Trainee: 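Structure in structure tokens, see below.
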Amino acid sequence: MSNKLNHSMSLANPDTSGISIQQKIALAIGFIGFFILILAMFNTNFPNQGLFLTLSLVLITTGIVLYANNAYLKKLKGIKNDGVWFKSISSRGVIGWLTGVGLTAFYIVLYFKAELLGLGTNGQANTGLVALFDPLSRALSGNPASQWFVYGTLYTIAIIAFGYKFILKYRHNRYQQIRTVSVIFFQLGFAFLIPEFMARLNSDSFKLPYYDLKNVWPLNYYNFEQYRIDEFINAGNIGLALLIFGVASIFIITPILTYKFGKRWYCSWVCGCGGLAETAGDSFRQLSSKKLSAWRIERWLIHTVLVFSVIMTTAVVYTYLGYDPNKYWLTKEVFLFSVAGFLTFIFVGVMIFKRKELGKDAQYGAIGYFVTIVLLIGIHVFGDGGKIFFIKAETLRSTYGFAIGSIFSGVIGTGFYPILGNRAWCRFGCPMAAILGFQQRLFSKFRITTNGGQCISCGNCSTYCEMGIDVRSYAQKGENIVRSSCVGCGVCSAVCPRGVLKLENDGLEGRINSNEILLGNDVDLMDFVNKK
């Protein structure tokens with residue numbers, strides 16, 4: 001044993017393992033590729049941009065792959081979350097804070113100062129980092145790169161490379177392997193390649209809107225703005241089909257899939273935000289706060305964002321509808337009454353059939369409903385032409401895009417991985433997660449079942465729950481875990497040494513049993529077993 005200060009409490013292996021020589025070589029290879037990107041930001045004149053871009057991305061990916069191979073392939077299959085609290089980057093140490101600051105700075109520049117990355121303005125050619133990606137962009141879409149293409153490429157590379165690392169880490173768990181392959185597939189195909197190919201099909205006479213097919217409202221909050229509707233209509237039958245698909249995704253496809261599989265079908269299998277959180281952000285999942293105060297903030301904040309997105313979208317659509325029922329079947333008043341009627345239908349149904357299960361949450365739901373209705377009335381009373389509450393609709397939309405789409409989901413949601421955990425955006429701000437969580441809580445067949453008799457209270461499940469759920473408290477009492485915030489990642493089950501937790505899709509009967517505590521004489525065990 002060395003004489004250095006020993007922080008490990010393990011009796012079997014008291015010395016925490018450092019970085020091996022092979023891992024240092026892998027890090028060096030990755031940093032060389034990253035250094036090429038840094039040089040590009042300072043307008044280094046590369047003789048062959050395509051070659052150096054390829055070299056950079058290959059070196060970064062190779063470094064991650066080699067590091068993962070050395071970290072996990074030399075170990076037996078099983079739980080590999082050892083040492084995370086002793087590494088500076090994954091325990092809010094100096095390296096973690098520096099990484100968070102670096103990521104945050106990158107997002108700020110990306111969203112608000114893209115010219116610093118070399119984006120050409122006023123018809124000028126790209127320079128710097130953006131110009132380095134021009135060859136790849138022209139090969140895919142036929143257009144020069146933008147800051148979003150740069151971001152999309154790096155985003156996709158991160159999910160693929162760190163996804164490989166994640167698969168090795170959890171290679172003992174088939175569920176983790178399959179869902180990781182799924183998020184890689186949807187990110188590479190639906191979020192990256194297909195939109196670029198759609199752009200290549202565009203011409204002076206035909207234009208398809210840039211469209212990530214897996215993004216559903218309210219994540220793509222811009223999808224029902226007037227310019228987007230015009231683009232869909234002008235694209236003919238294909239554009240109309242995409243518009244219909246967008247509407248069907250909200251009211252038909254999403255509820256059906258959530259009923260059958262829970263919100264995990266999207267948040268853990270399809271969504272790009274969730275894909276990056278699960279792969280590149282896996283090392284930070286234990287940083288998610290499990291405090292009761294964090295849970296309270298989560299419930300208020302995420303549903304406030306949802307109400308804001310509903311009102312914002314309704315207001316924007318309202319501004320470009322007409323008044324005359326002889327000219328338009330969908331007038332401003334008809335649209336507002338339709339939205340209010342639909343929300344009332346949902347609210348009344350929940351209060352009648354699900355109020356007992358919701359408990360105190362029903363009160364919060366009622367508050368959200370009445371606030372929304374009041375704001376809808378305000379839109380009708382104070383709507384004036386293109387203004388809502390005396391504010392231009394475009395200003396309202398851009399404010400939402402700035403505050404939620406940029407600051408929250410980008411700068412904070414991803415930049416703060418090493419500080420707040422990998423699902424800060426999904427947990428506190430994503431309106432899509434709020435909608436799917438509402439559906440999951442009310443009528444989904446998904447739940448995580450527990451075998452309380454096998455639980456040894458090790459706390460692995462709670463520690464590595466990225467959504468801040470105290471899973472252990474459910475497992476100790478043998479309760480099913482049915483939470484709106486649960487994304488069904490299954491890591492709690494993967495790190496359980498006793499097989500206490502199991503992800504299931506079953507009937508709705510007996511799904512929520514918060515009052516059934518299998519301790520002492522609280523329940524008649526024979527009656528309980530017979531009911532099962």
Side-chain angles (χ1 to χ4, degrees), residues 33-57 60 101-159 187-188 191-202 204 207-212 215 219-222 225 227-228 231 272-273 276 280 394-395 397-415:
F34 183 71
F35 186 65
I36 294 176
L37 300 181
I38 298 297
L39 290 177
M41 290 184 63
F42 289 95
N43 291 319
T44 301
N45 186 19
F46 293 109
N48 188 323
Q49 291 177 329
L51 175 62
F52 276 88
L53 174 62
T54 303
L55 181 62
S56 172
L57 299 181
I60 292 173
V101 170
L103 287 172
T104 302
F106 171 75
Y107 272 91
I108 291 174
V109 172
L110 178 74
Y111 280 103
F112 310 116
K113 289 291 182 179
E115 61 273 13
L116 296 179
L117 299 177
L119 180 67
T121 57
N122 300 323
Q124 296 178 346
N126 292 327
T127 59
L129 181 63
V130 179
L132 185 66
F133 285 77
D134 275 343
L136 179 59
S137 180
R138 293 186 187 279
L140 294 177
S141 67
N143 301 316
S146 66
Q147 78 271 36
W148 304 120
F149 180 81
V150 174
Y151 178 52
T153 303
L154 296 177
Y155 200 103
T156 303
I157 291 295
I159 289 181
Q187 174 61 31
L188 179 61
F192 184 63
L193 293 179
I194 290 179
E196 297 299 326
F197 294 153
M198 290 171 68
R200 178 171 281 278
L201 296 175
N202 292 340
D204 294 336
K207 183 180 180 182
L208 277 172
Y210 187 91
Y211 194 49
D212 181 355
N215 262 8
L219 276 182
N220 57 352
Y221 52 88
Y222 47 81
E225 294 183 33
Y227 82 92
R228 291 281 291 186
E231 286 180 340
C273 297
L276 188 69
E394 177 60 26
T395 302
R397 186 207 67 80
S398 60
T399 300
Y400 179 86
F402 172 81
I404 307 302
S406 300
I407 298 296
F408 208 153
S409 67
V411 177
I412 297 177
T414 306

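As the structure is a prediction and not an experimental result, all values here were calculated from the model. Every heavy atom of this structure was used, including side-chain atoms; hydrogens, water molecules and symmetry mates were not.
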Trainee: Are side-chain heavy atoms of Y111 and F106 found at a separation under 4.5 Å?
Mentor: no
Trainee: How far does CZ of F133 sit from CG of L117, to the nearest 0.5 angstrom?
Mentor: 10.0 Å
Trainee: Do side-chain atoms of N126 reach the backbone of A145 as a donor and acceptor pair under 3.5 angstrom?
Mentor: yes
Trainee: Can you name the nearest heavy-atom pair linking P144 to R138, along with the distance?
Mentor: CB-NH2, 3.6 Å
Trainee: Without swapping roles, check the side chain of R200 against the backbone of N143 for a donor-acceptor pair under 3.5 Å.
Mentor: no
Trainee: Could you give the distance from CD1 (I412) to CG (L103), rounded to the nearest 0.5 Å?
Mentor: 13.5 Å
Trainee: Grab the two heavy atoms, one from L276 and one from A158, that are nearest each other, plus how far apart they are.
Mentor: CD1-CB, 3.9 Å
Trainee: Rounded to the nearest 0.5 Å, what's the gap from CD on E196 to CG on L136? Could you check?
Mentor: 8.0 Å
Trainee: To check you understand the geometry: which heavy-atom pair defines the closest contact between G272 and Q187, and what is its length?
Mentor: CA-OE1, 3.7 Å
Trainee: Say you draw a straight line from OG1 of T156 to OH of Y151; how long is it, rounded to the nearest 0.5 Å?
Mentor: 10.0 Å
Trainee: In Å, rounded to the nearest 0.5 Å, how long is the span from CZ of F149 to CG of L154?
Mentor: 9.5 Å
Trainee: Does S141 reach the main-chain N or O of S137 with its side chain, forming a donor-acceptor pair under 3.5 Å?
Mentor: yes
Trainee: Which pair of heavy atoms, one from Y222 and one from R228, lies closest together, and at what distance?
Mentor: O-CG, 3.1 Å
Trainee: Quick one: are F112 and I407 in side-chain contact, heavy atoms under 4.5 Å?
Mentor: yes
Trainee: Using the rule given for side-chain contact (heavy atoms from CB on, under 4.5 Å), can you reason through L57 versus T153, listing the C-alpha separation, both sets of side-chain angles and the distance that settles it, and then say yes or no?
Mentor: CA-CA 9 Å; L57 299 181; T153 303; 4.1 Å; yes
Trainee: Between F46 and I36, is any pair of side-chain heavy atoms under 4.5 Å apart?
Mentor: yes
Trainee: Do other residues, nucleotides or ligands put more than 12 heavy atoms under 6.0 Å from the CZ atom of F35?
Mentor: no
Trainee: Is the side chain of N220 donor-acceptor paired with the backbone N or O of N215 at a distance under 3.5 Å, no angle test?
Mentor: yes
Trainee: For L119 and S146, work out which heavy atoms get closest and say how close.
Mentor: CD1-CA, 4.0 Å
Trainee: Mind listing the closest non-hydrogen atom pair of L37 and L129 along with its distance?
Mentor: O-CD1, 3.8 Å
Trainee: Atom CG in L116, atom CD in Q147: separation rounded to 0.5 Å?
Mentor: 11.5 Å
